[in-house]
Amino acid sequence: MTTELVNIALKKAERSRIEEVDFNNLPFGKHFSDHMFVADFVDGQWQNLQVVPFDSFTLSPALSSLHYGQSIFEGMKAYKNEAGEVLMFRPLENWKRMNVSAERMCMATIPEEVFMGGLEALLRVDADWVPNTPDSSLYIRPYMFATDVFLGVAPSKTYRFCIFTCPVGAYYTKPPKLKVETEYIRSAPGGVGYAKCAGNYAGSMYPTMLAQKAGYDQIMWTDGVEHKYIEESGTMNIMFVIDGKLVTPATSDSILKGVTRDSIIQAVRSWGIDVEERKVSIQEVIEGIENGNLTEAFGAGTAVVVSPYSLIGFEGKDYMLSEIPKEDSLANRIFNYLTDVRTGRVEDTFGWMYKI
Ligand SMILES: *Cc1c(COP(=O)(O)O)cnc(C)c1O
């Protein structure tokens, strides 16, 4: 419906690369579909909207985003239902959040028809790339970066918006071990933690590397003021089950507002389970593990949906979460529900799915 509002040129790849991909063995983020969507913001307008073969860009060494980091992205997924139709999960939420990030980074915003028109045009030409194998999906990466060729520290006047996609498979891994980080921070009040901007990820790599050297897999970020309250885990939102309730840190300007987080809260509330969005202290979590009231801890994000944790390390001591059978866990119920909604096995009561 939105595509009719914008003019998108199509240049098709001469030959599809799809035969080169083993859809039963899909590593994350390594196979790129045949096409990409590109648009440029020039003279105050989005123009030159096109779907073209996935290929390299030619960039000036003085490209401002490479120096000063006006660069933002989104991550979302499309699925195939049993009838073979392609559906995206809550794409308008990603469009809105991309503009929240753009505003914080002082970049051009993207009109709905450009974002949605680009997505739809791209997914139509590359519909064959949307996997229908169990637990697989098409990961979609919209992103935007400054393109002025200029070395002054000032907002760029020009931007490129691009979308490309990757078929991705099931994300099987053993439960990651989390280290509570009390020295480095991901974000702080007044900062850019709520924006999906490239620099946030660069800043998290060094502390994560240190945690991995110490035998952990991921970091549990604490607040940037007191290191007392839990914010996120790795690049995911974090959730706990305490006394049978779902408890998750309330969002703020130092926490990224996940679409997965929001969807889980809506679903779990609809099942009659209490959800608390509030401050969660490390002390509460450690005590909860010790006295058995805290039964689950898991990350929530588009890439993995939910990622249950087995162990939390805090001030040199490791706290094991007691193992509950997977079938009895809330994380597993959430995972199955979201997977079923996305593939059309249960009714989409919240109106989350967007058909291409
Ligand atoms: C993207 C992201 C999330 C999860 O957001 P979703 O919309 O659920 O994928 C959480 N935290 C951070 C820091 C992120 O970058």
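Read the numbers this way: they start at 1 and go in the same order the structure lists the ligands and their atoms.
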task = Provide the number and element of each atom of ligand 1 under 4.0 Å from a heavy atom of Thr235.
result = 2 (C), 3 (C), 10 (C), 11 (N), 12 (C), 14 (C)
message = Quick check on contacts: which atoms of ligand 1 are under 4.0 angstrom from a heavy atom of Arg97?
response = 5 (O), 6 (P), 7 (O)
ask   = Any idea which part of Arg186 is under 4.0 Å from ligand 1, heavy-atom wise: side chain, backbone, both or neither?
value =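 Contact part for Arg186 vs ligand 1: side chain (C-beta onward).
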query = Using heavy atoms and a threshold below 4.0 Å, how should the contact between Glu93 and ligand 1 be classified: side chain, backbone, both, or neither?
reply =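 Glu93 to ligand 1: no contact under 4.0 Å from either part.
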Aromatic Tyr194 / basic Arg104 pairing, under 6.0 angstrom, 45° off normal =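 Geometry flag: not set, cation outside 6.0 Å or 45°.
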message = For ligand 1, which is the ligand I care about here, please tell me if Gly75 has any N or O atom under 3.5 Å from one of the ligand's N or O atoms.
response =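 There is no such contact.
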inquiry  = Counting only nitrogen or oxygen atoms and a 3.5 angstrom limit, does Glu232 reach ligand 1?
reply    = yes
Quick one: do [X] and [Y] make a salt bridge, cutoff under 4.0 Å?
X	Y	result
Asp262	Arg90	yes
Arg97	Glu93	no
Lys179	Glu181	yes

Please write down residue, atom name and distance for the protein heavy atom closest to [atom].
atom	answer
atom 9 (O) of ligand 1	Thr302 OG1, 2.6 Å
atom 15 (O) of ligand 1	Tyr201 OH, 2.2 Å
atom 5 (O) of ligand 1	Gly258 CA, 3.3 Å
atom 8 (O) of ligand 1	Thr260 OG1, 2.6 Å
atom 14 (C) of ligand 1	Lys196 NZ, 3.0 Å

query = Is it true that a side-chain atom of Asn237 and a backbone atom of Arg261 form a donor plus acceptor pair closer than 3.5 Å?
reply = no
message = Could you check whether any side-chain N or O of Gln70 sits under 3.5 Å from a backbone N or O of Ser156, counting only pairs where one atom can act as donor and the other as acceptor?
response = yes
key: Lys257 heavy atom under 4.0 Å from ligand 1   = no
Side-chain heavy atoms of Val241 within contact of Phe298, under 4.5 Å =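 Contact flag for Val241/Phe298 side chains = yes.
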message = If only side-chain N and O atoms count, and only distance matters, is there a donor-acceptor pair under 3.5 Å linking Ser33 with Thr165?
response = yes
